[in-house]
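Each ligand, and each atom within it, is numbered from 1 in the order the structure gives. The residues of the chain are indexed from 1 along the displayed sequence.
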Amino acid sequence: VIIDVHGHFTRAPQALYQWRAFQLVTLGSPRKAPLKVSDDELDALLHQWNLKKMDATGINKLIFSPHASHMGHHVGNPLVSRYWTETCNDMIAQCVRLHPDRFIGVGQLPQHANAPDTKACAEEMERCVNEHGFVGFNLNPDPSGGAQFLPSMGDEYWFPIYEAMVKLDVPVMIHASATQDPQSHLNACHYTAVDANAVVDYCLHPELWDRFPGLKVIVPHGGGATAFNYTRMRSIFINEGRRPFEECVANLWFDLAIYDAESLEMTVRRLGVDHVMWASEMWGSAYNVDPLRGKPFDETIDYVNQIGWLTAEDKYKLFEGNARKVFTRAKFD
Ligand SMILES: [Zn+2]
């Protein structure tokens, strides 16, 4: 079984984007407008995009979440974020109901840069797990999109989310959304920068795992080049008299939405076969055809299979076993 732990509904129905457009022009008086998309319309889109790619490339199961760059946690006020989040999560749930054997639901959170706390996130987690059977959530460390300073991931600001994660036994995947910084390209810079920040920030707070045993945090895109800077971090953590970096980083999980064979192999070697999971992040930054290879950048199953030193058991962990450990609520069979 090949499980892709990172895929988004980036080819969603026009009606969803129209819903958001209407919300954006009525920001002053947020309300929860109904949204109805037929099963037939949704099914056609799934077959046209995600299912088509899954069938063509041999992906059996997809951890499926809303369009991340559209989460827009910097827009409007917390109520705007809540209504939009509920609408997006309900649509993911509808997709999962259509193909429960292929899609596994993960939600976005009603975060907002100006929210005084993260209690609304915990409520939405509870709703999505209990009503929709979701198995995880995407967590944005920077809901302001670079415009404000948010508390460290070790701060109690985030504790309601961590408490809900432990109570519901669900992981989060660190996932940025928009950036308002003109110097920071969304997919090329902001996403991977937020990933890299989150890795170090969590490693600076290993006490979180003492306080919240069983906390499961996945950092995508190889942790934003964590393997590349691994030894720099080891040095800094020694300089500052901290717990060893290699010990702290072992609290985290990583995905392999990395589109370079050498970087992918280095990530597996540095972070360890027990901490990484294969992912494509379809349809995301790497859907185009690599002219050097003649196939899409995000088709990297063969990169894993070509790593000569991996055993069959190692490959099982990367494609399936680790995902089963992390997404304990998912029904993969
Ligand atoms: Zn993503």
Side-chain angles (χ1 to χ4, degrees), residues 2-12 16-17 45-46 49-50 53-54 57 59 61-74 84-85 88-89 91-92 95-96 103-111 121 128 134-143 145-146 153 170-179 184-199 216-226 252-260 263-264 267 276-288 296-301 322-323 326-327 330:
I2 290 187
I3 300 168
D4 182 346
V5 300
H6 187 169
H8 299 292
F9 201 16
T10 42
R11 302 294 189 271
L16 181 68
Y17 299 117
L45 282 169
L46 293 172
W49 298 102
N50 296 85
K53 198 169 179 74
M54 291 165 72
T57 56
I59 297 166
K61 317 276 179 184
L62 179 64
I63 303 285
F64 198 46
S65 64
H67 197 154
S69 63
H70 289 190
M71 294 190 295
H73 295 130
H74 61 297
W84 172 234
T85 295
C88 290
N89 286 343
M91 182 151 285
I92 290 295
C95 294
V96 173
F103 296 114
I104 293 156
V106 158
Q108 70 182 58
L109 293 175
Q111 296 179 247
C121 297
C128 287
F134 280 10
V135 303
F137 294 89
N138 290 335
L139 173 62
N140 183 359
D142 178 21
M153 301 313 288
V170 291
V172 293
M173 177 176 279
I174 295 300
H175 213 302
S177 185
T179 174
S184 185
H185 185 283
L186 179 69
N187 308 94
C189 305
H190 181 59
Y191 277 15
T192 49
V194 167
D195 297 339
N197 272 350
V199 170
K216 292 180 285 191
V217 177
I218 308 159
V219 191
H221 320 115
T226 294
L252 301 170
W253 299 84
F254 297 87
D255 88 18
L256 291 175
I258 297 168
Y259 309 109
D260 179 89
S263 308
L264 188 149
T267 298
V276 297
M277 297 175 276
W278 182 79
S280 73
E281 200 176 15
M282 70 165 80
W283 286 73
S285 301
Y287 64 86
N288 246 318
F297 287 98
D298 62 5
E299 293 183 12
T300 64
I301 291 174
N322 290 341
V326 174
F327 295 98

Just jot down the salt bridge (charged side-chain N to carboxylate O under 4.0 Å, His left out) partners of Lys216, sequence neighbours excluded, or say none.
Asp169
What heavy-atom pair brings Thr300 and Ala279 nearest, and what distance separates the two atoms?
OG1-O, 4.4 Å
Aromatic plane relationship, Phe64 with Phe9 - under 30° parallel, 30 to 60° tilted, over 60° perpendicular
tilted
Kindly indicate whether the side chain of Met277, heavy atoms from C-beta on, has any atom under 4.5 Å from the side chain of His6.
no
Closest non-hydrogen atom pair, Phe137 against Gln108
CD2-O, 4.2 Å
Sorted by chain and number, protein N/O/S atoms nearer to the Zn ion (ligand 1) than 2.8 Å are His6 NE2, His8 NE2, His175 NE2, Glu281 OE2
With rounding to the nearest 0.5 angstrom, report the CD1 to CD1 distance, Ile104 to Ile92.
12.5 Å
